[in-house]
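Here the structure comes first, spelled out in structure tokens, and everything after it is commentary.
In each ligand, atom 1 is the first atom listed, and ligand 1 is the first ligand listed. All values below come from the heavy atoms of this structure, side chains included, with hydrogens, waters and symmetry mates left out.
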Amino acid sequence: MTQSPAQELFDKEQFKRDILFNIKYMFRKTLDTASSQEIFQAVSRAVKDRIIDNWMISHKAVEDYDSKVVYYLSMEFLLGRALGNNLINLGFYKEAAEVLQDMGLNINLLEDEEADPALGNGGLGRLAACFLDSLATLGYPAYGCGIRYKYGMFRQKIENGEQTEQPDDWLKHGYPFEIKRPEYAEVIRFGGYVRIEYDPKLGRNRYILDGYQSVMGVPYDIPITGYGNKMVNSLRIWDAEPVVNFNLESFDKGEYYKAVEQENLAKTIVEVLYPNDNHYSGKELRLKQQYFFVSATVQQVIHKFKENHDDIRALPEKVVFQMNDTHPAVAVAELMRILVDEEDLEWDEAWAITTKCCAYTNHTIMAEALEKWPADLFMTLLPRIYQIIAEINRRFTEKIEELYPGQDSKVRSMAIIYEGQVRMANLAIAAGFSVNGVARLHTDILKNYQLADFYQMMPWKFNNKTNGVTQRRFLVHGNPELAKWITARLGTDRWITDFELVEGLAPLAEDSRARKEFQKIKRANKVRLAQYIKEHNGIEVDPDSIFDVQAKRLHEYKRQLLNIMHVMYIYNKLKDDPGMEFHPTTFIFGAKAAAAYKTAKQTIHLINNVAEVINSDPDVNGKLKVVFIENYCVSNAELLFAASDVSEQISTASREASGTGNMKFMMNGAVTIGTMDGANVEIVEEVGEENVFIFGMSAQEVLDQEARGDYFPGDIYRDDPDIRRVMDQMVDGTYSNGDHEMFRELFNSVLYRDSYFVLADFRAYENAQRRVNTAYRDHVGWTKMAMLNTAHSGKFSSDRTIQEYVDDIWHLEKVLPD
Ligand code: 26Q
């Protein structure tokens, strides 16, 4: 292969000198006295220095062309580690690894020194990170806008089978890739009251906020490098600082308390990420966080726009805000506030601008995830913003009544403020010019169920954008051997930026040499994971067993419980009939539960206890193993995807909006066992139903059965002895050292409610698992299937997704700096 321009530019000797220089001047040390962390910092600094020029060039290009920019507003960015990813995108990972090796350093060990910046929970946050990678790679001007949480997603420790949470102090050693930008600080105001004053010049009232508290938003920028180009965008995350450093003597009592309060506000606001996934909790601090980063961002955008333009009405030509779920939906009201109160526009003009600048992505249909803020909380915390939302609501409900006279149900479902609550999704839909779901099935369910009234009223706003993931992180970085093989076999590495090209691998499924190569890579990745498991869990697993992996947030709808109950079932079968035909299988789980989510935590406890019993039973040793990977996060996820044979995507149909893990497994050659839910539907469409294992109720069946309300899990428990046995083992002490109460709530929740249809789908799942096990024993057939999964995963690159957002929603133009 010819060298890319980036590789020619990379001066190995200079890189080495820079690292040694950094070790000396950052730490007053030499290579042999520096710690691994210090060396990591020095290397990262050298890499960052190589990004800076392109970063400046990119910024200038965007300014010179006066390009339209997308501001991706998100409470979460689950970046994962930056060092390796940046080296790959800059095009000199291999060269850097060689330099380090010359210096006696191992790049993988250095990469492990980096704190994995986990400013997100799960799918939604990781999607934001994939999108930033694709935007830069495709050359589109974009800012990620978020919060610089002091503590990101907690570190999970398993103690006696139970999850414990530890603070994630990701900034402890300093984060080498961020740059503080105090010159772009903005003041954000909370509380107070609104004074109304007639302004004769304006010919109308002015609304003035008094008696408020303020904090200073101070941005930090993290470079987002494009692959194989010179584009560098920014992730701008906001830290909070007190506005004044006060001098005690010169303040009267009132001001003294106010100053202390402001100082506390600044400290608490960015303290910690809420570790909830798909669950709303109406905490005041969360609303403060939302307004904090949104206000800082919107103010900043307006300031910047005004530097280069005199007519604010042109804003929609240059700016689009994409709201990642409803978490930043207050942006709508903040933009209205600035346009009406500060730019002195009339309401209608301001509304015309706002509704051309804001677009909304929905990530869930689950009722408990919908944000509804108590109106009085809103009023107290953000009095002017509340007034604006009330006015938006007044006009919007007026329109509803006009369109649907006498139909109360329409106002009930679509009003923004209703029964004392502010409904953020309704605000986002009323004000957004685009509303999108994240997979075709999900968008259809939104249109026909959750948001049917909105869809009927404003069908033009609705569109689908099926999620995608970046192959740069999840193949090139996470599975370097497979990446190398794909390049060799396709005769080009263009698939790294044009992922549809992997389709060219499909014919190789019929080529026995290619199959052997593919199989060898999978096995090597399984050995790598087995080593990780040996180190972290002290468990020996057999790389020739089936690696069946479920790695995702723990949530009832994702049904880790179905998976572990099936493991319990298999264990019973193997005990009853040791000669049973069964290919040895290692069931691997990785999952964090929200700290307050009892049922989820019990499920983790059950998985670990089942693992303990099974792994120490010599009767099934060599056939069945269960592993719980502690602290599932982006960096160990990369290992799991690469090493997995079977990808568990078993959510209750209709509940998983898309899923993105399903795509990461697929591109790494894992075969899916799953329900017809989220993007699984499109995966089946791409890979063919003969290359996946689909089971269970359809979304329609689930929705219909819920509507009828005639599901009785107790009947299944009564009629199916295998299921009853597994259920009873939850409360007969088998997995709890004789304790009958440990898993009682879990047991009851299934027996008496089973809201997620675990028992209803159990037999279908067990049957699909049997088909998997049989299929795996045909090594040739299985490898073909695995290869076809990689080959047909072309659609699921976030590059495709981003291009669709650009074409249909954002209308950006490429900036290709050189
Ligand atoms: C809301 C209010 C208060 C506190 C927390 C929250 C909160 C936080 C995170 C609500 C939801 C989330 C995260 C949701 C999420 O990750 N959804 C997932 O998004 C993925 C990307 O589109 C989809 O693939 C998944 O199907 C979806 O579950």
Does [X] pair with [Y] as a salt bridge, N-O distance under 4.0 Å?
| X | Y | result |
| --- | --- | --- |
| Glu656 | Arg559 | no |
| Arg473 | Asp133 | no |
| Glu706 | Arg655 | yes |
| Glu271 | Lys267 | no |

Ligand 1 contacted by His279 (non-hydrogen, < 4.0 Å):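 Yes, that is the case, since the closest heavy atom of the residue is under 4.0 Å from the ligand.
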Sub-4.0 Å heavy-atom approach of His555 to ligand 1: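 The answer is no: ligand 1 sits nowhere under 4.0 Å from a heavy atom of His555.
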Just to confirm my output: which protein heavy-atom neighbour is closest to [atom], and how far is it?
| atom | result |
| --- | --- |
| atom 23 (C) of ligand 1 | Gly659 N, 3.7 Å |
| atom 3 (C) of ligand 1 | Arg286 NE, 3.3 Å |
| atom 25 (C) of ligand 1 | Glu656 OE1, 3.4 Å |
| atom 10 (C) of ligand 1 | His327 NE2, 3.5 Å |

Criterion side-chain contact (heavy atoms from CB on, under 4.5 Å) against Glu76, the qualifying member of Asn121, Asp325, Asp277: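 By the side-chain contact (heavy atoms from CB on, under 4.5 Å) criterion, Glu76 pairs with just one of Asn121, Asp325, Asp277: Asn121.
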Steps toward ring-ring contact (aromatic ring centres under 6.0 Å, His included) verdict (Phe131, Tyr805): CA-CA 10 Å; Phe131 280 6; Tyr805 275 90; 5.4 Å; yes
Contact partition for Thr361 relative to ligand 1, non-hydrogen atoms under 4.0 Å: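 Neither part.
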Tell me whether [X] has any N or O atom under 3.5 angstrom from an N or O of ligand 1.
| X | answer |
| --- | --- |
| Lys558 | no |
| Leu124 | yes |
| Ser281 | no |
| Asn121 | no |
| Asn278 | yes |

Six-ring centre of Phe454, Lys461 cation under 6.0 angstrom, axis tolerance 45°: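 The answer is no; the distance or angle limit is not met.
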side-chain hydrogen bond (donor to acceptor under 3.5 Å, both in side chains) partner of Gln156, chosen from Gln166, Lys592, Gln163: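 Result: among Gln166, Lys592, Gln163, Gln163 is the only option passing the side-chain hydrogen bond (donor to acceptor under 3.5 Å, both in side chains) with Gln156.
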Side-chain touch Met697/Asp761, heavy atoms, less than 4.5 angstrom: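 Yes; the side chains approach each other to less than 4.5 Å.
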Atoms of ligand 1, numbered as shown, that sit under 4.0 Å from any heavy atom of Asn276: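 Those atoms are 4 (C), 5 (C), 7 (C), 8 (C), 9 (C).
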Ligand-residue contact atoms, ligand 1 with Tyr280, heavy atoms, under 4.0 Å: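 Every atom of ligand 1 under 4.0 Å from some heavy atom of Tyr280: 2 (C).
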